[in-house]
Structure formats: structure tokens, C-alpha cells
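Order of the sequence lines fixes the chain letters, A, B, ..., with proteins taken first and strands second; residue numbering starts at 1 for each chain.
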Amino acid sequence: MVARIPHGRVATYGQIAAEAGLLRRARLAGYALRHAPEALALPWHRVLNAQGRISLPAGSTAAARQRERLQAEGVELVNGRVDLKRYRWQPRSDAPLLD
DNA sequence: AACTTGACTTCCG
DNA sequence: CCGGAAGCCAAGT
């Protein structure tokens, strides 16, 4: 599901989990992302928490990298927060499921 | 089996 | 709007 998030758009952990058929398992989405093989080259930076904020340790290099990548693709952060109303990815209901 | 830990979310004050 | 409490549930100890 993360791989489907288009350039310049974002999704939340809960949203990813739900779309993957795992309603209410947002933490699992985070767990999966943390353990995902680097080789998959997933656009992990497009996943934010329900408040539109980065969920990596504030001040960490990882958080800084995520912020940079987002801005690099045009996603604006206001006070460290992304306006989900404006950037949230809305998957097409008729999109073919993986597998 | 019991307890702790989270790249989380929602509700309350 | 912010912080805390509670709910959540797979993994790790």
C-alpha cells in the first residue's frame, strides 16, 4: 500500500493499515515500515501520523530526512505539520488490489 | 504465561 | 492547541 502513494501525496499509518485490510492496526503499519527491506525502496517518507506529523524521533536525522524528502516533492509543512486535507492520498475505489 | 514496547489513534479536559 | 490516558495488538523479553 505504501508503494502506491503517489509522488507529492501522503497517507497515515492508520489509513495504510485499513487499506491493507487491517483496520485499527496502525502500529502494525509502523512496525512493517520500520522492518521493511531497504531494497524495496518504499516511499516511506509519505507516511505520517493521524495529525499530519512525522512520527520519527524529533530531532533525529531520520526525521530530518523525511522532512526534506517531503518538501522536495512539494509537500508543504507548516509548523512541522502537513495539511492532510490537502495532501492526503485518496486511493481509487476501483484500483486493483495487490495479490 | 506475564510483562514491556512501540515509524499509532482517539477521546477528554 | 497541547498533554495525558486509554485503547490497540504484534513482537520481543
Quiz item: Do NZ/NE/NH1/NH2 and the carboxylate oxygens of Arg4(A) and Glu19(A) come within less than 4.0 Å?
Solution: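 No, this pair does not count.
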Starting at [atom1] of [X] and ending at [atom2] of [N], how long is that distance when rounded to a whole Å?
X	N	atom1	atom2	result
Tyr31(A)	dT4(B)	OH	P	19 Å
His35(A)	dA11(C)	NE2	P	9 Å
Leu56(A)	dC8(B)	CG	C1'	13 Å
Gln15(A)	dT10(B)	CD	P	11 Å
Gln51(A)	dG3(C)	CD	P	10 Å
Leu22(A)	dG7(C)	CG	P	22 Å
Arg88(A)	dT9(B)	CZ	C1'	12 Å

Is any side-chain N or O of [X] closer than 4.0 Å to OP1 or OP2 of [N]?
X	N	answer
Arg53(A)	dC8(B)	no
Arg25(A)	dA10(C)	yes
Arg34(A)	dA7(B)	yes

Exercise. Give Arg46(A) one of three labels, base, sugar-phosphate or nothing, depending on what nucleic acid heavy atoms sit under 4.0 Å from its own.
Key: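 Contact class for Arg46(A): none.
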Practice problem: Using Watson-Crick or G-U wobble geometry with both distances below 3.5 Å, tell me the partner of dA7(B), or none. | Solution: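 Across any shown strand, dA7(B) pairs with none.
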